[in-house]
Number of protein chains: 2
Amino acid sequence: MRDVAREAGVALKTVSRVVNNETGVSPQTVERVTEVIHRLGFRRNDMASKLRAGRSAASIGLIIEDLGNPFYTTIARGIETVTYPREQFLVTASSEESAERERAILLELCQRRVNGMIIVPTGLDHSFLQHEIDLGLEVVFLDRPGAGISADTVLLDNLAGAMSATEHLLSLGHRRIAVLGHDETIWTMRERHAGYRAALARAEVAYDESLIMLGPLTPDEAQRATAELLDGANPPTAFFACNNRMTVGVLSELRHRQESIDVAGFDPIETATLFSHPVTLVTYDAAELGRRAAHLLVERLEGRRTPQQVVVPTTLVTYGQSAGSNAKRRRRA
Amino acid sequence: MRDVAREAGVALKTVSRVVNNETGVSPQTVERVTEVIHRLGFRRNDMASKLRAGRSAASIGLIIEDLGNPFYTTIARGIETVTYPREQFLVTASSEESAERERAILLELCQRRVNGMIIVPTGLDHSFLQHEIDLGLEVVFLDRPGAGISADTVLLDNLAGAMSATEHLLSLGHRRIAVLGHDETIWTMRERHAGYRAALARAEVAYDESLIMLGPLTPDEAQRATAELLDGANPPTAFFACNNRMTVGVLSELRHRQESIDVAGFDPIETATLFSHPVTLVTYDAAELGRRAAHLLVERLEGRRTPQQVVVPTTLVTYGQSAGSNAKRRRRA
DNA sequence: CCTTCCGCAGATATCGTTGTCATAGTCTGC
DNA sequence: GCAGACTATGACAACGATATCTGCGGAAGG
């Protein structure tokens with residue numbers, strides 16, 4: 001900027017005024033300065049600019065479990081549709097389900113003075129962010145509630161979704177429904193498991209511990225778990241998979257065995273219409289989750305103070321023929 | 001930081017030394033300052049720090065076509081595995097296939113002084129970045145070559161991949177192979193189309209214009225195009241879909257008609273093993289694309305100057321039974 | 001006892017920009 | 001012809017950190 005000022009024969013401040021389209025500069029001066037700016041290829045240093053302004057560079061931290069999971073990327077896409085028009089950049093990082101890594105990333109994002117963060121929380125305590133929040137940081141939790149601080153939250157209706165999936169299987173006559181999922185250290189899994197139990201209870205079907213396979217499972221492990229269950233003494237007659245990866249695992253094993261068993265799963269799968277095996281999925285608008293979170297964050301950045309909670313509904317969708325019906329059926333969860 | 005200094009009764013520079021673990025501070029002073037830092041919850045402002053250092057905040061710009069496409073998110077995941085250990089944050093944005101939007105984003109990223117950018121180029125001329133490159137910006141093009149500047153590039157072997165897919169269909173006896181894809185304004189599509197033609201030429205099969213459906217197609221449009229082709233006077237006996245979305249479109253229509261026709265497609269699809277219809281895919285390690293690009297960028301940031309080009313190979317994988325074979329077959333492309 | 005050197009800590013300038021205030025010049029109206 | 005208002009521009013400090021240089025006190029060496 002100094003170079004521009006010298007070259008155009010004006011003061012720094014005048015260049016600043018031109019760069020920021022401020023009033024009170026004569027058209028001739030504007031033109032002369034603009035010409036020099038183009039000639040020298042000058043571009044303002046946003047970091048210095050924001051430093052002076054005491055504000056952070058317009059950017060939003062997004063910390064999710066895994067950048068590679070389509071569920072999260074659809075969310076990221078939804079967030080971007082809201083933040084891009086507001087000239088906010090998205091700074092992304094994966095927590096890898098590690099509370100420690102999550103904490104390290106969050107603190108680093110604070111150092112960068114992002115003005116807001118959208119967090120899919122892994123850790124169980126986020127009170128260490130309180131100080132930053134007092135200093136103006138805005139936080140929105142997404143998909144799972146955070147703990148230790150009061151902040152906006154966007155959640156799925158996990159309980160109702162899991163209930164509707166389980167009820168769907170029950171209505172087909174199943175009484176032994178296996179469950180595959182992550183263990184209950186993850187909030188969404190607790191909710192979905194609770195939904196499953198609630199549906200059983202309402203139908204007065206006994207809860208059988210031996211049908212439940214939890215733990216951090218890869219799709220391959222889910223496939224093996226499915227095999228074990230099917231080969232057991234008293235095998236299940238249907239499966240409820242608690243997330244998209246579990247669903248893929250279960251279906252892989254069924255395809256491998258060329259067996260057909262009713263399967264319900266949580267999370268939408270884009271290509272489910274092409275599957276050979278019928279499946280009923282608890283679907284929802286993942287991009288909407290992102291948009292809602294981004295809207296809440298934007299509102300907070302614009303001054304709202306009262307914490308809000310948003311719950312996004314789920315929809316049960318059946319792909320392929322199941323129990324004699326050939327139609328693709330939809331039901332509100 | 002001033003508060004910390006005052007509270008601890010030391011000079012600013014001493015606090016700075018403690019924060020940066022510099023030597024030359026007595027243990028007692030370190031302890032006293034550290035205590036005050038924790039008590040006040042002080043956290044260094046990275047923007048100011050980097051401003052003084054003349055360097056940018058450790059961050060890498062990533063601009064891709066669409067944050068929501070699983071292809072790109074797998075890439076992002078690969079990039080992150082390389083950049084996270086180096087404490088570089090990823091600033092992401094979607095170009096939406098708009099050259100203008102891409103340009104705007106790139107220039108904004110320059111203003112933020114990212115120290116490197118990984119670009120999936122949409123625009124046809126990136127020479128406007130030359131000035132920033134002269135000033136120390138490092139650029140790597142990913143998936144498609146950039147134009148107007150010399151920079152590192154990571155590409156897929158599109159030509160060989162498309163050839164191997166086409167040859168596979170030819171080897172099954174097909175002579176009328178339809179092609180669905182984006183139009184040739186996109187480099188990868190030109191290459192894949194060229195691969196198709198090369199395979200035909202080698203097999204001395206005539207190229208038939210009427211079998212080619214190009215244009216920006218959504219999966220739904222691809223499905224309709226498939227229907228049109230099949231309902232035409234002289235329908236194709238096989239399909240080559242130039243990307244994952246086209247593949248889904250073709251397969252949707254075939255499933256809808258309950259017809260079975262040999263299909264090959266470019267891009268891996270995670271759930272292809274579960275499809276009811278057999279399909280042969282040109283697969284590759286998308287995360288590896290990201291890792292290679294990130295490695296090139298890191299090398300450049302560490303001083304390498306000679307531009308490099310990396311080509312990632314593809315592999316042909318057949319899912320489901322095709323032309324009488326029941327096995328899942330693999331061939332090097 | 002004096003010089004030299006070293007370990008520790010502070011003063012000050014600086015990064016690139018913008019907010020505040022000052023100033024010089026022009027214009028208006030009586 | 002001059003007060004008062006207004007316009008265009010500039011000087012300077014400040015944002016929050018770090019690099020450089022300087023200073024001070026004590027230990028080692030002669």
Side-chain angles (χ1 to χ4, degrees), chain A residues 1-34 36-37 40-59 107-115 131-132 135-137, chain B residues 1-34 36-37 40-59 107-115 131-132 135-137:
Chain A
M1 193 178 233
R2 189 153 46 205
D3 297 343
V4 174
R6 186 170 356 91
E7 193 78 9
V10 297
L12 273 174
K13 180 64 202 182
T14 301
V15 179
S16 172
R17 276 191 260 257
V18 172
V19 168
N20 296 301
N21 285 316
E22 285 176 35
T23 58
V25 186
S26 73
Q28 306 96 297
T29 312
V30 171
E31 193 179 343
R32 188 155 37 102
V33 172
T34 309
V36 176
I37 286 177
L40 300 187
F42 167 77
R43 205 168 304 289
R44 178 182 62 192
N45 183 329
D46 275 353
M47 294 202 324
S49 166
K50 292 303 173 6
L51 170 62
R52 182 61 175 81
R55 313 267 12 269
S56 43
S59 53
L107 291 178
E108 270 204 67
L109 285 172
C110 288
Q111 296 203 171
R112 308 237 167 168
R113 298 297 190 269
V114 298
N115 28 30
H131 185 252
E132 306 291 337
L135 265 51
L137 177 72
Chain B
M1 194 177 233
R2 190 155 46 208
D3 298 342
V4 174
R6 185 168 0 87
E7 193 78 9
V10 297
L12 273 174
K13 179 62 205 183
T14 301
V15 179
S16 171
R17 276 190 261 256
V18 173
V19 168
N20 296 299
N21 286 317
E22 284 176 37
T23 58
V25 186
S26 72
Q28 304 96 297
T29 312
V30 171
E31 193 178 343
R32 189 155 37 102
V33 173
T34 309
V36 177
I37 286 177
L40 300 188
F42 166 77
R43 206 168 302 290
R44 178 183 62 192
N45 184 327
D46 275 353
M47 294 201 324
S49 165
K50 292 303 175 356
L51 170 61
R52 182 60 176 81
R55 313 268 14 268
S56 44
S59 53
L107 290 178
E108 270 205 67
L109 285 172
C110 288
Q111 294 203 171
R112 306 227 172 180
R113 300 296 190 270
V114 298
N115 29 31
H131 186 253
E132 305 292 336
L135 265 52
L137 177 72

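Below, chain A is the first sequence line, B the second, and so on; all start at residue 1.
- Judged purely by atom type and a 3.5 angstrom limit, B:T34 uses its side chain to pair as donor or acceptor with the backbone of B:V30.
- Closest approach of A:M1 and A:V19 over heavy atoms only: CE-CG2, 4.4 Å.
- Phosphate proximity of D:dT9 to A:S26: present, with a side-chain N or O under 4.0 Å from OP1 or OP2.
- Contact check for A:V114 versus A:L137: side-chain heavy atoms found under the 4.5 Å cut-off.
- Using a 4.5 Å heavy-atom threshold, the side chains of A:R44 and A:N20 count as touching.
- Nearest heavy-atom pair, A:R112 versus B:M47, reported as atom, atom and distance to 0.1 Å: O-CG, 3.9 Å.
- For D:dA8, neither phosphate oxygen OP1 nor OP2 lies less than 4.0 angstrom from any side-chain nitrogen or oxygen of A:T29.
- One atom, CD1 of A:I37, and another, C1' of C:dT17, lie 13 Å apart when rounded to the nearest Å.
- Considering only heavy atoms from C-beta on, A:L135 stays 4.5 Å or farther from B:R43 through its side chain.
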For nucleotides 15-26 of chain D, 5' to 3', base contacts (B), sugar-phosphate-only contacts (S) and non-contacts (-) with protein non-hydrogen atoms under 4.0 Å give BBBBBB------
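- A:T14 has a side-chain polar atom (N or O) that falls below the 4.0 Å cut-off from OP1 or OP2 of D:dG10.
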